[in-house]
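These numbers were taken from a predicted model, which means no experiment stands behind them.
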Amino acid sequence: MQIRQRVRAHQRLNRDFYARGTLKVARELIGMHLVHDDGRTRRIGRIVGTEAYRGPEDLAAHSARGRTPRTQVMFGPPGYAYVYLIYGVWNCLNVVTAAAGRPHAVLLRALEPIENLCEPSWGPGLLCRAMHIDRRLNGQDLCGKTLWLERPASNVQPARIARATRIGVEYAGLWALRPWRFFDRDSPYVSTLTARARSSAVTVFPRGGRRSESPAPPSSKKR
């Protein structure tokens, strides 16, 4: 008897996904979906840019300064959200990886809108604003029911992934040269794309969102 193959539905990432090498996680997050359900609206974006940070040796990581009230989440178990504020304005979302006691994390840099994203989402600060993510979600369990990541349906075309050096971490010396940034080379939502190139590709946002030409925030310096 022939069994009809079903298209796999969206599947949440479990703790084991995050409890691996940080570079591997950073790469495999490209193409995954970030979901924020605040009880009123479910917002979904496809991840198209990430950066890996491997403290405390990595001088570009916040955890290079050791365990502090700010970085406490990074020293905990994997699969939790590390949300911090830069320039007093922009929130940035990181996914804690590796094992408890190893302060590693992956910064989410850019999203393609999937559902209920009505603002620009290229750049870590814009991403959080579009997804309504702020420091109230710092320490949030990514295996919970409010903020999580999931695999897209199995019939989605895999991303063509490229890698490059991280952005805005020149102060970290040789660590700034590590090619620990990963991105979907075909996505117009990658944060390093020029505004002119993006404007010709990004025309509308899902669910009636208006197009915006708001400039991207500064890079997440001084991690």
Side-chain angles (χ1 to χ4, degrees), residues 17-30 32 34 47-111 121-129 133-135 137-139 142 149 161-185 187 189-195 215-223:
F17 178 91
Y18 305 106
R20 301 181 300 153
T22 302
L23 295 180
K24 187 175 182 65
V25 174
R27 182 181 179 87
E28 292 186 10
L29 282 176
I30 302 298
M32 300 294 181
L34 174 66
I47 300 170
V48 296
T50 62
E51 284 181 348
Y53 289 86
R54 301 171 61 185
E57 297 84 8
D58 178 4
L59 297 182
H62 284 171
S63 53
R65 301 172 181 83
R67 189 189 298 258
T68 67
R70 183 193 196 196
T71 62
Q72 179 66 29
V73 175
M74 296 180 71
F75 285 84
Y80 284 79
Y82 170 46
V83 183
Y84 65 87
L85 192 70
I86 57 172
Y87 307 114
V89 177
W90 300 102
N91 294 287
C92 296
L93 171 63
N94 296 254
V95 174
V96 177
T97 58
R102 297 181 64 192
H104 292 191
V106 175
L107 172 68
L108 303 188
R109 284 203 59 87
L111 296 177
S121 51
W122 46 82
L126 291 175
L127 177 161
C128 284
R129 187 173 70 181
I133 293 171
D134 58 28
R135 282 187 296 171
L137 292 175
N138 184 43
L142 296 175
L149 293 90
I161 301 174
R163 63 189 299 174
T165 56
R166 296 172 292 183
I167 296 172
V169 295
E170 295 80 6
Y171 57 87
L174 292 177
W175 289 95
L177 303 179
R178 301 294 176 96
W180 289 356
R181 176 166 59 92
F182 301 88
F183 58 95
D184 181 344
R185 59 188 298 179
S187 175
Y189 289 85
V190 172
S191 60
T192 53
L193 200 68
T194 65
S219 304
S220 52
K221 297 181 180 179
K222 297 186 179 179
R223 290 182 54 84

Can a donor-acceptor pair be found, under 3.5 Å and without considering hydrogens, that links the side chain of Thr71 to the backbone of Gly66? yes
Determine whether a donor-acceptor pair (N or O, by modelled atom type, separation under 3.5 Å) exists between the side chain of Arg20 and the backbone of Phe17. yes
Can you name the one residue among Arg109, Arg178, Arg27 that meets salt bridge (charged side-chain N to carboxylate O under 4.0 Å, His left out) with Glu51?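 The passing option is Arg109.
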For the student: nearest non-hydrogen atoms of [X] and [Y], plus distance:
| X | Y | value |
| --- | --- | --- |
| Val169 | Ala176 | O-CB, 3.2 Å |
| Ser191 | Ala110 | N-CB, 4.1 Å |
| Thr165 | Arg181 | O-NE, 2.9 Å |
| His104 | Ala98 | ND1-CB, 3.8 Å |
| Pro56 | Ser63 | CB-O, 3.5 Å |
| Leu108 | Leu127 | O-CD1, 3.6 Å |

Could you check whether any side-chain heavy atom of Arg135 comes within less than 4.5 Å of a side-chain heavy atom of Leu85, counting everything from C-beta outward? yes
Would you indicate whether the side-chain heavy atoms of Arg102 and Phe75 approach each other to under 4.5 Å? no
[X] side, atom [atom1]; [Y] side, atom [atom2] - distance, nearest 0.5 Å:
| X | Y | atom1 | atom2 | value |
| --- | --- | --- | --- | --- |
| Cys128 | Ile86 | SG | CD1 | 9.5 Å |
| Ile47 | Tyr189 | CD1 | OH | 15.5 Å |
| Asp58 | Tyr53 | CG | OH | 7.5 Å |
| Ile133 | Asn138 | CD1 | CG | 12.0 Å |
| Glu28 | Leu23 | CD | CG | 11.5 Å |
| Leu107 | Thr50 | CG | OG1 | 8.5 Å |

Would Tyr18 and Val106 satisfy side-chain contact (heavy atoms from CB on, under 4.5 Å), going step by step from the backbone distance to the final call? CA-CA 10 Å; Tyr18 305 106; Val106 175; over 6 Å; no
Could you tell me whether Tyr82 and Tyr80 have their ring centroids closer than 6.0 angstrom? no
Check step by step if side-chain contact (heavy atoms from CB on, under 4.5 Å) holds for Arg166 and Trp175. CA-CA 9 Å; Arg166 296 172 292 183; Trp175 289 95; 4.1 Å; yes
Do Arg185's NZ or CZ and the ring of Phe183 fall within the cation-pi criteria of under 6.0 Å and 45°? no
Arg129 NZ/CZ over Trp90 ring centroid, <6.0 Å and within 45° of normal: no
Return the set of residues passing side chain to side chain donor-acceptor pair (under 3.5 Å) with Ser187 (not counting sequence neighbours), or none when no residue passes. Glu112
How would you list, by chain and number, every residue that makes a side chain to side chain contact (heavy atoms under 4.5 Å, CB included) with Ala81, sequence neighbours excluded?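 Only Val83, Leu93, Gln140, Leu142, Leu147 meet the side chain to side chain contact (heavy atoms under 4.5 Å, CB included) criterion with Ala81.
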